[in-house]
Structure formats: structure tokens, C-alpha cells
Amino acid sequence: MKLQHRIALITGGGRGIGRAIAHAFAREGADLVLASRTVAQVETVAREIADDFGARAFPFVCDVADVTSVDRLFAAVQEEFRRGPDILVNNAGVAESAPLTRTDDELWHRHIAINLNGTFYCTRAALPQMIERGWGRVINIASIAGKTGAPYIAAYSASKHGVLGLTRSAALEVASKGVTVNAICPGYVDTEMTTRAVENITKKTRLSAEQALDSLKQLSPQNRVIEPEEVAALALLLATEDGRGITGQAINVDGGSVMF
Ligand code: NDP
């Protein structure tokens with residue numbers, strides 16, 4: 001088992017990609033901390049992990065956009081495990097669309113606050129102990145929208161571009177300390193986030209849900225959406241010893257739609 005004796009903190013661990021990563025890490029022996037705003041969801045995933053793998057899994061309510069809430073989360077992890085996480089997965093995120101001229105301040109700030117500030121707050125809280133121990137992994141779930149633009153998602157895209165800048169700079173700061181920092185950039189993944197994108201398209205166009213989903217699939221040369229487990233498989237590689245030489249990277253899992 002490749003993650004035995006490791007503690008992994010996964011934000012947004014209550015569903016979708018975060019849940020898939022939780023399962024992949026628990027299968028390899030990691031103990032888990034799962035954080036999100038919806039307590040029932042992180043509790044459910046924690047129960048699944050305990051039942052399926054016998055791993056320790058602690059659910060915590062946290063809003064990553066709120067620095068006080070993040071500080072409380074890290075204090076709770078410290079209390080529970082007597083140390084901070086070895087692996088941090090900054091996965092919590094939101095995605096809403098609007099034309100730029102109709103992007104209001106709230107929508108803009110919500111994306112920056114959750115997707116970018118949340119990643120910063122958690123990384124800043126996690127790094128000192130990782131550096132002290134000489135081992136750590138930070139894995140940021142960004143997006144191919146962090147590498148390229150698309151209409152109607154300026155706030156989301158800007159927040160994810162920010163995550164890549166943070167990833168690269170942090171990676172260089174800690175490269176000599178046994179800590180790696182990487183980003184994963186998925187294309188459309190089969191989660192609630194994509195279901196909401198499909199609903200949004202059907203509301204704003206004449207397309208049926210099936211046609212809307214097809215239009216998203218066609219953005220990929222593989223003509224499909226990615227499964228959350230495919231993102232989790234890469235997160236697992238980055239989290240293990242096998243991934244120790246990979247740092248400062250932003251790796252696409254998108255069926256080849258973006259090639260940089
Ligand atoms: P989901 O909407 O299914 O899950 C998002 C998770 O993030 C939930 O657990 C949610 O819980 C949590 N979350 C949202 N806001 C906060 C917050 N303020 N504090 C703590 N937790 C929060 O989406 P996915 O699983 O698809 O997305 C996971 C990540 O992957 C996101 O960063 C997303 O941007 C990225 N991504 C997704 C793609 C896709 O097509 N699905 C494509 C590319 C990237 P709660 O709301 O209860 O807090």
C-alpha cells in the first residue's frame with residue numbers, strides 16, 4: 001500500500017472528484033480528512049471509506065473561502081492526528097457561467113474567494129509542517145480553463161489561472177524540501193458540476209440535456225467526458241513516492257483538447 005501512515009486532507013471531499021480521490025487514497029492505506037460546507041456529504045464519504053477500507057476518515061465542515069474556517073480545520077486536524085496533513089488536495093471549487101458584461105461582483109469574488117483564495121489559505125496552512133518533516137504533497141485541482149480561455153467563464157478561468165501561478169511559485173519555494181506542488185487540469189468530468197453546466201445550457205439554448213452534454217463531449221478529441229476516477233488516478237501518482245520527481249506541473253486530464 002503506497003500511502004500507509006500518510007494523512008491526506010481533501011477539500012471538497014464530499015462528492016465528485018474529491019470523493020473519487022478519497023476512495024483512491026484510502027485504498028492505498030491513507031487516513032483521510034474530508035472538508036466541505038455540506039456536513040452530510042463529507043460524513044457519508046467518511047462512512048464509505050471506513051466501511052470499505054477500514055481507514056480513518058474524519059469529516060469536517062469548512063468553507064475554504066473563510067480563512068478563520070480554514071484555521072479551525074487545520075487546528076482540528078492537529079488535535080485529531082497530533083500533526084498536520086502529509087498530503088493536501090485543494091479540490092474545493094465552484095463554476096458558474098455568465099457573459100463578462102453580466103458577471104456581477106458577487107460571482108467574480110465568489111470564484112476568486114473559493115477557487116483561488118481557498119487554495120492559498122489551505123496551502124499556506126499545510127506547508128510549514130511538510131517542510132519541517134521533509135515530505136509533503138500539495139495537489140491542486142485546477143482545470144484546463146486555467147490554461148486557456150472560453151466564453152462565459154471569465155471568473156472561473158481567471159481563478160484557475162491563478163491556481164496555476166500559485167502552484168508553480170510554491171513548487172519552486174519548496175522543491176529542495178521534499179515537498180512537491182502540482183496541479184491537475186481536467187476537462188469536463190462526470191460530476192454534479194458538469195450536470196449543472198448541462199442544465200445551464202438547456203436553460204439558455206434550445207438544446208435538450210442530451211444535446212447539451214454531447215456539445216461538451218465534442219470539446220474533447222476523445223468525444224467524451226472524463227470519469228472522476230481518472231483524475232483520482234493521477235492524484236494518486238502525484239501523492240506517492242513514485243511521483244516525487246514531478247513538481248510545479250499542471251497536467252491535463254482532458255482527452256487531448258489542450259496540448260500545453
Ligand atoms: P462538485 O460540485 O461535484 O464538488 C465540488 C466540491 O467542492 C463539493 O464537495 C463542494 O461541497 C466543495 N466546495 C465548494 N465550495 C466550497 C467551499 N467554499 N468550501 C469548502 N468546500 C467547497 O464538483 P467537481 O467534483 O466536479 O469539482 C471538483 C474540482 O474539480 C473543482 O475545483 C472544479 O473546479 C474542478 N474541475 C471540475 C471539472 C468538471 O468538469 N467537473 C473540470 C475541471 C476542473 P460544498 O458545496 O458542500 O461545500
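Numbering of ligands and ligand atoms starts at 1, following listing order. Position 1 is the first residue of the sequence, and the numbers go up from there.
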Considering [options] one by one, which has a heavy atom nearer to [atom] than any of the others?
{"atom": "atom 11 (O) of ligand 1", "options": "Ala35, Ser36, Ala197, Ala20", "answer": "Ser36"}
{"atom": "atom 31 (C) of ligand 1", "options": "Asn91, Ile141, Thr38", "answer": "Asn91"}
{"atom": "atom 22 (C) of ligand 1", "options": "Gly13, Gly146, Ala92, Gly16", "answer": "Ala92"}
{"atom": "atom 8 (C) of ligand 1", "options": "Arg110, Arg15, His111", "answer": "Arg15"}
{"atom": "atom 7 (O) of ligand 1", "options": "Ser159, Gly93, Cys122", "answer": "Gly93"}

Could you measure the distance from the [atom1] atom of [X] to the [atom2] atom of [Y]? Nearest 0.5 Å is fine.
{"X": "Glu106", "Y": "Glu96", "atom1": "CD", "atom2": "CD", "result": "11.0 Å"}
{"X": "Leu236", "Y": "Ile21", "atom1": "CG", "atom2": "CD1", "result": "10.0 Å"}
{"X": "Gln249", "Y": "Leu238", "atom1": "CD", "atom2": "CG", "result": "9.5 Å"}
{"X": "Leu164", "Y": "Cys185", "atom1": "CG", "atom2": "SG", "result": "5.0 Å"}
{"X": "Ile112", "Y": "Tyr156", "atom1": "CD1", "atom2": "OH", "result": "12.0 Å"}
{"X": "Ile10", "Y": "Asn90", "atom1": "CD1", "atom2": "CG", "result": "11.0 Å"}

Is it the case that more than 12 heavy atoms not belonging to [X] sit under 6.0 Å from its [atom1] atom?
{"X": "Glu210", "atom1": "CD", "answer": "no"}
{"X": "Glu173", "atom1": "CD", "answer": "no"}
{"X": "Tyr152", "atom1": "OH", "answer": "no"}
{"X": "Glu241", "atom1": "CD", "answer": "yes"}
{"X": "Phe60", "atom1": "CZ", "answer": "yes"}

What protein heavy atom sits nearest [atom], and how far away is it?
{"atom": "atom 6 (C) of ligand 1", "value": "Gly12 CA, 3.7 Å"}
{"atom": "atom 14 (C) of ligand 1", "value": "Arg37 NH2, 3.4 Å"}
{"atom": "atom 27 (O) of ligand 1", "value": "Met193 CE, 3.8 Å"}
{"atom": "atom 25 (O) of ligand 1", "value": "Ile17 N, 2.9 Å"}
{"atom": "atom 24 (P) of ligand 1", "value": "Thr191 OG1, 3.6 Å"}
{"atom": "atom 40 (O) of ligand 1", "value": "Val189 N, 2.7 Å"}
{"atom": "atom 2 (O) of ligand 1", "value": "Arg196 NH2, 2.9 Å"}
{"atom": "atom 18 (N) of ligand 1", "value": "Asp63 OD1, 2.8 Å"}

Does [X] have a non-hydrogen atom less than 4.0 Å from ligand 1?
{"X": "Arg19", "value": "no"}
{"X": "Gly118", "value": "no"}
{"X": "Thr11", "value": "no"}
{"X": "Cys62", "value": "yes"}

Give the numbers and elements of all ligand 1 atoms closer than 4.0 Å to a heavy atom of [X].
{"X": "Ala142", "value": "35 (C), 36 (N), 43 (C), 44 (C)"}
{"X": "Ser143", "value": "43 (C), 44 (C)"}
{"X": "Tyr188", "value": "40 (O)"}

For the 3.5 Å polar cut-off, considering only N or O atoms, please tell me whether [X] and ligand 1 meet it.
{"X": "Thr194", "answer": "yes"}
{"X": "Val64", "answer": "yes"}
{"X": "Tyr156", "answer": "yes"}
{"X": "Gln41", "answer": "no"}
{"X": "Val94", "answer": "no"}
{"X": "Ala65", "answer": "no"}

### Summary
For residues 215-239, the side chain to side chain donor-acceptor pair (under 3.5 Å) pairs (sequence neighbours left out) are Gln222-Arg224, Arg224-Glu230
### Pairs touching residues 34-44 that satisfy side chain to side chain donor-acceptor pair (under 3.5 Å), sequence neighbours left out
Arg15-Gln41
### Message
Before you tell me yes or no, could you show the steps for Glu199 and Lys203 under salt bridge (charged side-chain N to carboxylate O under 4.0 Å, His left out), namely the whole-Å CA-CA distance, both residues' side-chain angles and the distance that decides it to 0.1 Å?
### Response
CA-CA 6 Å; Glu199 284 166 3; Lys203 265 188 227 143; 5.5 Å; no
### Query
With distance as the sole criterion, is a donor-acceptor pair present between the side chains of Asn140 and Thr119 under 3.5 Å?
no
### Task
Check each heavy atom of Ile114 against ligand 1 and say whether those closer than 4.0 Å belong to the side chain, the backbone, both or neither.
side chain
### Query
Do Leu9 and Trp135 share a hydrophobic cluster, counting only Ile, Leu, Val, Met, Phe, Trp and Tyr and linking them when any side-chain heavy atoms are less than 4.5 Å apart?
no
